[in-house]
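Data first, discussion second: the structure below is written as structure tokens.
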Amino acid sequence: MKMLSIAVACMFACAVASADATAAKSGQVLLKGKTRQGRAIRLTMNGNRLRLKRFAIALRCRSGGVLIDDESGFVPSHLGHGGRVRDHQVGSTDDVWLRGRLHGRVLRGAVRVHDRWGRAQCDSGWVRFHARARI
């Protein structure tokens, strides 16, 4: 069992390293970081385009429960004057807002997710994050 765990961990690490290498070859810069909730966030930057790649976030539901969303599949956002970004993207059941500012190799910002599951309405509120470019 221990050997299987090590093999699975190795496969995961190799897949992540492969994705990082692919991003670097295409001229994209990978940004890795953490949210205030202690969860990972990944973004890529190519010129003045910033793309949320993947992040996890906890949402509080009106019913009193908690929903953990794993978000991905975003279109690029525009980096404006002074490295600022503001974006709102809509999915089939959720809305995702992104705002932030790039300072050198560090992006500091916040994300917010509102999700609807049938009658359940869940919202994360603004969750701050920081991500550093891996060059």
Side-chain angles (χ1 to χ4, degrees):
M1 187 64 162
K2 184 175 182 181
M3 196 62 151
L4 177 62
S5 298
I6 292 170
V8 169
C10 180
M11 287 178 10
F12 178 75
C14 292
V16 169
S18 175
D20 294 351
T22 302
K25 286 180 186 176
S26 66
Q28 294 180 349
V29 176
L30 178 67
L31 293 99
K32 291 179 172 182
K34 292 231 182 238
T35 68
R36 277 275 170 97
Q37 293 179 348
R39 302 177 194 285
I41 186 168
R42 287 178 183 250
L43 307 97
T44 56
M45 190 171 55
N46 193 351
N48 66 346
R49 297 299 216 191
L50 181 74
R51 181 189 300 242
L52 266 170
K53 293 300 275 182
R54 173 172 235 132
F55 69 97
I57 194 164
L59 293 82
R60 293 206 180 277
C61 301
R62 288 185 183 169
S63 62
V66 175
L67 173 67
I68 306 296
D69 261 359
D70 188 18
E71 297 284 343
S72 62
F74 297 95
V75 297
S77 304
H78 177 74
L79 267 176
H81 181 70
R84 294 181 190 274
V85 62
R86 279 193 178 276
D87 198 10
H88 174 215
Q89 296 189 26
V90 179
S92 58
T93 64
D94 56 3
D95 287 85
V96 178
W97 291 267
L98 168 68
R99 66 182 182 196
R101 186 167 184 192
L102 185 66
H103 297 277
R105 293 179 20 185
V106 177
L107 177 68
R108 294 187 188 283
V111 292
R112 183 175 186 172
V113 177
H114 179 81
D115 208 334
R116 298 167 298 283
W117 285 81
R119 293 177 145 204
Q121 301 264 337
C122 306
D123 195 328
S124 67
W126 286 102
V127 177
R128 291 183 185 184
F129 71 88
H130 67 277
R132 180 174 297 276
R134 307 291 184 197
I135 300 174

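Below, all heavy atoms of this structure are taken into account, side chains as well, without hydrogens, waters or symmetry copies. All values derive from a computational prediction rather than experimental measurement.
Put simply, the side chain of Arg84 does not reach to within 4.5 Å of the side chain of Leu79, judged on heavy atoms. Two residues are said to be in side-chain contact when any heavy atoms from C-beta on lie closer than 4.5 Å; Val111 and Trp97 fail this criterion. No side-chain heavy atom of Leu30 sits less than 4.5 Å from a side-chain heavy atom of Gln28. Glu71 has its side chain within reach of Val113: a pair of non-hydrogen atoms, C-beta onward, lies under 4.5 Å apart. Side-chain atoms of His78 and Asn48, non-hydrogen and from C-beta on, do get closer than 4.5 Å to each other. Residues Leu31 and Arg132 fail the side-chain proximity criterion, which asks for heavy atoms closer than 4.5 Å. Between Leu98 and Phe129 the shortest side-chain heavy-atom distance falls below 4.5 Å. You'll find the side chain of Asp123 reaches within 4.5 Å of the side chain of Arg112, heavy atoms only.
Around atom CZ of Arg134, more than 12 heavy atoms belonging to other residues, nucleotides or ligands sit under 6.0 Å away. Open room surrounds CZ on Arg128; 12 or fewer heavy atoms of other groups in view lie less than 6.0 Å from it.
The existence of a salt bridge linking Asp94 and Arg116 is excluded, since no basic side-chain nitrogen approaches an acidic carboxylate oxygen closer than 4.0 Å.
Gln37 places no side-chain N or O within 3.5 Å of a backbone atom of Val127 that could act as its donor or acceptor partner.
Its side chain outside the 4.5 Å cluster rule for every partner, Val90 clusters with none of the Ile, Leu, Val, Met, Phe, Trp and Tyr residues.
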### Query
Going through the checks in order, is the side-chain contact (heavy atoms from CB on, under 4.5 Å) test met by Arg108 and Val106?
CA-CA 6 Å; Arg108 294 187 188 283; Val106 177; 4.0 Å; yes
### Message
Could you walk me through whether Leu102 and Met45 satisfy the side-chain contact (heavy atoms from CB on, under 4.5 Å) test, starting with their C-alpha distance in whole Å, then the side-chain angles of each, then the deciding distance to 0.1 Å, before giving a yes or no?
### Response
CA-CA 11 Å; Leu102 185 66; Met45 190 171 55; 3.6 Å; yes
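Residues forming a side chain to side chain contact (heavy atoms under 4.5 Å, CB included) with His103 (at least two apart in sequence, or on another chain): Arg101.
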Check: residues 57-69 side-chain donor-acceptor pairs under 3.5 Å, at least two apart:
none

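In the model, Asp87 has a side-chain atom that pairs as donor or acceptor with a side-chain atom of Gln89 under 3.5 Å.
For the pair Arg99 and Trp126, the cation-pi criterion (under 6.0 Å, within 45° of the ring axis) is fulfilled.
The distance from atom NE2 of His88 to atom NE2 of His114, rounded to the nearest 0.5 Å, is 9.5 Å.
Across all their heavy atoms, Leu43 and Leu107 have their closest contact at CD2-CD2, 3.8 Å.
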